[in-house]
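Report on the structure given below.
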Amino acid sequence: MIDLRSDTVTKPTPAMREAMARAEVGDDIYGEDPTVNRLQEVGAALVGKRAALFVPSGTLGNQLSLRAQAEPGREVIVDGQSHIVRYEQGAAAALAGVQLHWVTGTQGIVTAEQVEAAIRPNDPYSIRTALICIENTHNAGGGTVYPLSTIQAIRAVATAHGLPMHLDGARLFNAVAASGVSAAEYAQHFETVTFCLSKGLGAPAGSLIATDDPGLMERLRRFRRMYGGAMRQSGILAAAGLYALEHHRARLREDHINAKRLAARLQQIPAVTIDPTLVETNILFFDVDSKKYSVTSFVAALKQEGVLINAVGRNTCRAVTHLDVSADDIELAADRIARLLNG
Ligand SMILES: *Cc1c(COP(=O)(O)O)cnc(C)c1O
């Protein structure tokens, strides 16, 4: 199977499993897991922050960042297509007790003017704004990279209003690989930064939340316990994360090349509509307009050919490149898509 549904489907490599098996461990709630401690140090340094906290998932990383920085009854500015809005089961409302204020981005990217317009006035009637969140790269926007200048402009607005910022950097290292901007250059504009070890980096689980603020780190740690995300001998997982950061960061560029190649191949199929210039990293969206297939029957037929992709809308499919898909797999997948839709 060539599995292009998501970059979360990667399996640990033999070398990663070996690192996991060899990991030194301890009770992380006592702060005594040396491998977790090392992952937190390495992860913090990579994004230029003083400290980082290991959490089981990216969703939890986002939710703890919200909970620790926005009191119940406050408002959090996000874009309407963000992971926090679409894919976290309403946790911001259900668990943090905050209200999300959606801004409509272009391919997920919002402007400083839009953010400024969404900040509530300081009067006795208005709900108070507590936090601004952005997502880089933007998942539902098609793996789009936030321009650094846009982040800087949003930061200036946040600072003028005394507001903190959170970066959902589930795929931050994809943004780094695509733009050449360092993770620390992005991260310096945010009070909290999360990134996933389990997406293109290929670890089986885990994310990190990084911050410079010791008081905030203490709150994040206590809320992690409250939310059930504190673990014990989690060094076995942290070892996979360390291995991923060390060995799988640089190769994210290959995923981007593969995604661009797939986009170029798809563009040659008459029944496919795709704008290859929108493929900036490892996520592609494309529309299928076929007399023979609906999107769901196309995805099912393609599965019979050994290629998995996701149907994400009435006409739209999503494909994602990753560690377990080679350049040859991409050519094969494109051949099979072309055969189905041209045949
Ligand atoms: C995957 C992802 C997350 C975290 O998801 P988990 O499945 O909880 O690890 C957060 N934000 C974005 C943008 C993502 O793509």
Side-chain angles (χ1 to χ4, degrees), residues 3-12 39 43 47 52-67 76 78-92 94-96 100 102-103 105 107-110 131-146 151 165-178 183 186-187 190 192-210 223-224 227-229 231 234 237-238 240-241 244-245 252 255 259 280-285 310 312 318-323:
D3 193 343
L4 299 168
R5 290 170 302 167
S6 172
D7 48 8
T8 57
V9 301
T10 55
K11 308 233 171 83
L39 172 64
V47 296
L53 188 67
F54 186 46
V55 292
S57 72
T59 297
L60 188 60
N62 281 338
Q63 289 305 319
L64 297 180
S65 300
L66 257 62
R67 183 65 188 84
V76 173
V78 287
D79 81 88
Q81 299 303 323
S82 62
H83 196 275
I84 289 171
V85 169
R86 292 180 61 165
Y87 303 123
E88 301 188 5
Q89 302 300 324
L95 303 180
L100 297 179
W102 304 7
V103 175
Q107 266 85 50
I109 310 295
V110 302
L131 178 68
I132 298 162
C133 299
I134 72 165
E135 191 175 304
N136 187 26
T137 66
H138 199 287
N139 180 347
T144 22
V145 178
Y146 245 95
I151 293 175
M165 303 229 299
H166 168 66
L167 174 60
D168 177 354
R171 295 184 182 80
L172 180 61
F173 291 102
N174 290 90
V176 169
Y186 284 124
F190 300 87
T192 48
V193 175
T194 53
F195 58 92
C196 288
L197 302 162
S198 58
K199 298 272 164 78
L201 291 175
S207 284
L208 287 164
I209 315 172
F223 284 123
R224 182 182 68 167
Y227 279 53
M231 298 181 284
S234 36
L237 289 174
L245 287 176
L252 290 171
D255 297 342
E280 297 180 40
T281 57
N282 68 328
I283 300 175
L284 319 76
F285 287 104
N310 274 336
V312 294
R318 187 182 89 152
V320 184
T321 59
H322 54 76
L323 186 59

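Atoms within each ligand, like the ligands themselves, are counted from 1 in listed order.
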Would you check if Asp255 and Asp7 make a side-chain contact, meaning some heavy-atom pair closer than 4.5 Å?
no

Kindly indicate whether the side chain of Phe54, heavy atoms from C-beta on, has any atom under 4.5 Å from the side chain of Leu197.
yes

Judging by distance only, is a nitrogen or oxygen of Glu88 under 3.5 angstrom from one on ligand 1?
no

To the nearest 0.5 Å, what is the distance between CD (Glu135) and OG1 (Thr144)?
8.5 Å

Could you give me the CA-CA distance, side-chain angles and deciding distance for Ile84 and Cys133, then say whether side chain to side chain contact (heavy atoms under 4.5 Å, CB included) is met?
CA-CA 9 Å; Ile84 289 171; Cys133 299; 4.1 Å; yes

Less than 3.5 Å between some nitrogen or oxygen of Asn139 and one of ligand 1, yes or no?
yes

If we ignore angles and hydrogens, is there a donor and acceptor under 3.5 Å between the side chains of His322 and Asn282?
no

Element-labelled atoms of ligand 1 that are located less than 4.0 Å from some non-hydrogen atom of Gly58:
4 (C), 6 (P), 8 (O), 9 (O)

Heteroatom proximity flag, Ser207 to ligand 1, N/O under 3.5 Å:
no

Would one find an N or O of Thr59, backbone or side chain, under 3.5 Å from an N or O of ligand 1?
yes

Look at ligand 1 and say whether Arg171 reaches it with a heavy atom at a distance under 4.0 Å.
yes

Close side-chain approach of Arg171 and Ile283, heavy atoms under 4.5 Å
yes

Should you measure from each heavy atom of Glu135, which atoms of ligand 1 turn up under 4.0 Å away?
13 (C)

Less than 4.5 Å apart, side chain to side chain, heavy atoms only: is that true for Ser65 and Thr194?
yes

Distance under 4.0 Å to a non-hydrogen atom of Lys199: what atoms of ligand 1 satisfy this?
1 (C), 2 (C), 3 (C), 4 (C), 5 (O), 14 (C), 15 (O)

Shortest non-hydrogen contact from Gly80 toward Val85
O-CG1, 3.5 Å

Considering the heavy atoms of Asn62, write down every atom of ligand 1 situated less than 4.0 Å from one of them.
10 (C), 11 (N)

Protein contact of atom 11 (N) of ligand 1 - nearest heavy atom, named by residue and atom, plus distance
Asp168 OD2, 2.6 Å

With backbone taken as N, CA, C and O and side chain as the heavy atoms from C-beta onward, which portion of Thr194 lies under 4.0 Å from ligand 1: side chain, backbone, both, or neither?
neither

